[in-house]
Amino acid sequence: MTDSARRLVLAAVGLALGAATAAAELVLLTVAAPLMAYAVAFSRGQRSVPRGVADAATAMTRLETRRLARFHGHAEAAEYGPVRSLAYLVLRTPIGLLGGVILLLIAYGAVSGIRLLVGWMTGDYLDGIEFSWFIAAYMIVFGLILLFVAVQGLVGVVALERKVARRCLGPSPLEAYERRIAQLSVTRAEVVEAVDDERRRIERDLHDGVQQRLVALGMLIGRARRSGNGDLLRQAHEESQRALEELREVAWRVYPAALDGDGLRAALETVAERSPVPVKIEYDLDGRPPHAVETAAYFVVCEAVNNAGKHSGARLVTVRIGGDERMIDVRIEDDGTGGADPSGGGLAGLARRVAALDGTFGVDSPPGGPTVITAGLPCA
């Protein structure tokens, strides 16, 4: 079954269930109306919702949000109490019943078409309509037009369902703005922390690696000058080569030149060549993503591959890069022992880097493996 057909079947099943729940909600609202009127009249201005009505409305709303998430892909955060639940049910009940009516009309049309076709084959004509090519062509064209209109009606019902849920159960515009401001504040702080962590890592690499080699090189050169020993000069030359190689390694870890010149694919191939663990790269991007997205994707892959080589005991790491012009999907999977800690320094730094681009980052590493690291990076 193709993805489009699967979505169509899920939507139809979701609308059928929505029609059934709408009928139950209609009964609930019919019973709740006099109870609410009584509560308003005798609540002395408090206008409280009766306990039974509140529990039933909240339960039905919770059921509706699960149905929307499962069949219609509406997974937005919902916040609701009894009053908002009742308001939502009042608005969505007629929409759910409308979806049920459209489905019934589609089923009626299909059954009528089948009965007409069977009647033409057996001679038991439906409503006395005998077969002719003109009538057959007319029925096919008219049926296809009605089917198209009905499907568009179902699409509209799904859109209305999502819109009503978003308006009634989602945060208000002010709350959404406040959440966004808070998220940006946290992201900004995490970016600053990530930059500081990166600076500390560079300083540590230079101090513990390159600086020590340069000190040793200086001592060798001094001894060679005093003694004129050719072996010491040869050792000093070899030490200078190792220091230069380590300096190149540090510079490459800070930022690879291939990322600017040849793009993400070439930079990832370099990661695979340098990795002690075999790395399989599946790259499925038509064009080059934005520079910031390329950089984030590169460092996610680089850190994940390094972790697999150092800690997991993996024999193979598979890197998949895909997506479109709106979103880049990164997936790194290794066959190691698992148990990676998402709050560890390296992975936490990657999460902050991805969050700075409004992306998503996930780590799934059960004991025994495999470890799967995913990142979704928006391109706009």
Side-chain angles (χ1 to χ4, degrees), residues 1-36 49-111 146-173 175-176 179-180 326-327 329 360 362 364 374 376 378:
M1 183 182 294
T2 64
D3 189 54
S4 299
R6 179 177 175 275
R7 288 200 301 267
L8 183 61
V9 171
L10 281 177
V13 174
L15 288 172
L17 293 176
T21 57
E25 290 157 9
L26 181 61
V27 175
L28 171 63
L29 294 175
T30 303
V31 174
L35 296 177
M36 286 294 298
V49 179
R51 178 68 178 273
V53 174
D55 292 343
T58 303
M60 292 300 298
T61 302
R62 188 179 301 112
L63 178 64
E64 292 296 342
T65 56
R66 291 176 180 174
R67 179 182 63 85
L68 289 174
R70 174 66 179 85
F71 295 101
H72 301 315
H74 181 83
E76 296 183 10
E79 298 178 357
Y80 50 86
V83 176
R84 296 185 72 177
S85 296
L86 281 172
Y88 168 69
L89 295 179
V90 168
L91 293 177
R92 75 85 33 192
T93 297
I95 298 173
L97 293 175
L98 176 61
V101 170
I102 296 175
L103 288 174
L104 287 176
L105 290 176
I106 293 176
Y108 175 78
V111 171
L146 290 180
L147 179 62
F148 174 78
V149 173
V151 170
Q152 293 302 311
L154 292 179
V155 172
V157 169
V158 172
L160 280 175
E161 289 252 38
R162 295 165 60 98
K163 185 174 182 179
V164 169
R166 188 179 302 112
R167 287 291 183 89
C168 293
L169 306 180
S172 66
E175 292 173 341
R179 288 183 179 182
R180 182 58 176 164
R326 295 173 299 176
M327 179 72 71
D329 297 317
T360 58
D364 182 17
T374 57

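Taking the salt bridge (Lys or Arg N to Asp or Glu O under 4.0 Å) definition, one finds that D364 meets it with nothing, sequence neighbours left out. Partners of L98 under the side-chain contact (heavy atoms from CB on, under 4.5 Å) rule, at least two apart in sequence or in another chain, are I102, V157. Residues that satisfy the salt bridge (Lys or Arg N to Asp or Glu O under 4.0 Å) test with E64, not counting sequence neighbours, are R67, R92.
Rounding to the nearest 0.5 Å gives a distance of 4.5 Å between NE2 of H72 and CG of L15. Rounding to the nearest 0.5 Å places CG of L86 at 11.0 Å from CG of L91. The CE atom of M60 sits 13.5 Å away from atom CG of D55, with the distance rounded to the nearest 0.5 Å.
Closest non-hydrogen pair, A19 versus G100, comes out as CB-CA, 3.5 Å. Closest approach of L17 and F71 over heavy atoms only: CD1-CE1, 3.5 Å. Contact between A57 and S85 at its shortest, heavy atoms only, is O-CB, 3.8 Å. For the residue pair L28 and A56, the shortest heavy atom distance occurs at CD1-CB, 3.7 Å. When every heavy atom of L89 is checked against every heavy atom of L29, the shortest pair comes out as O-CD1, 3.8 Å.
Side-chain N or O atoms of T65 include one that pairs as donor or acceptor with a backbone N or O of R62 at under 3.5 Å. Panel note: side chain T21, backbone G18; a donor-acceptor pair is recorded below 3.5 Å.
Looking at L154 and L103, their side chains come closer than 4.5 Å, going by heavy atoms from C-beta outward.
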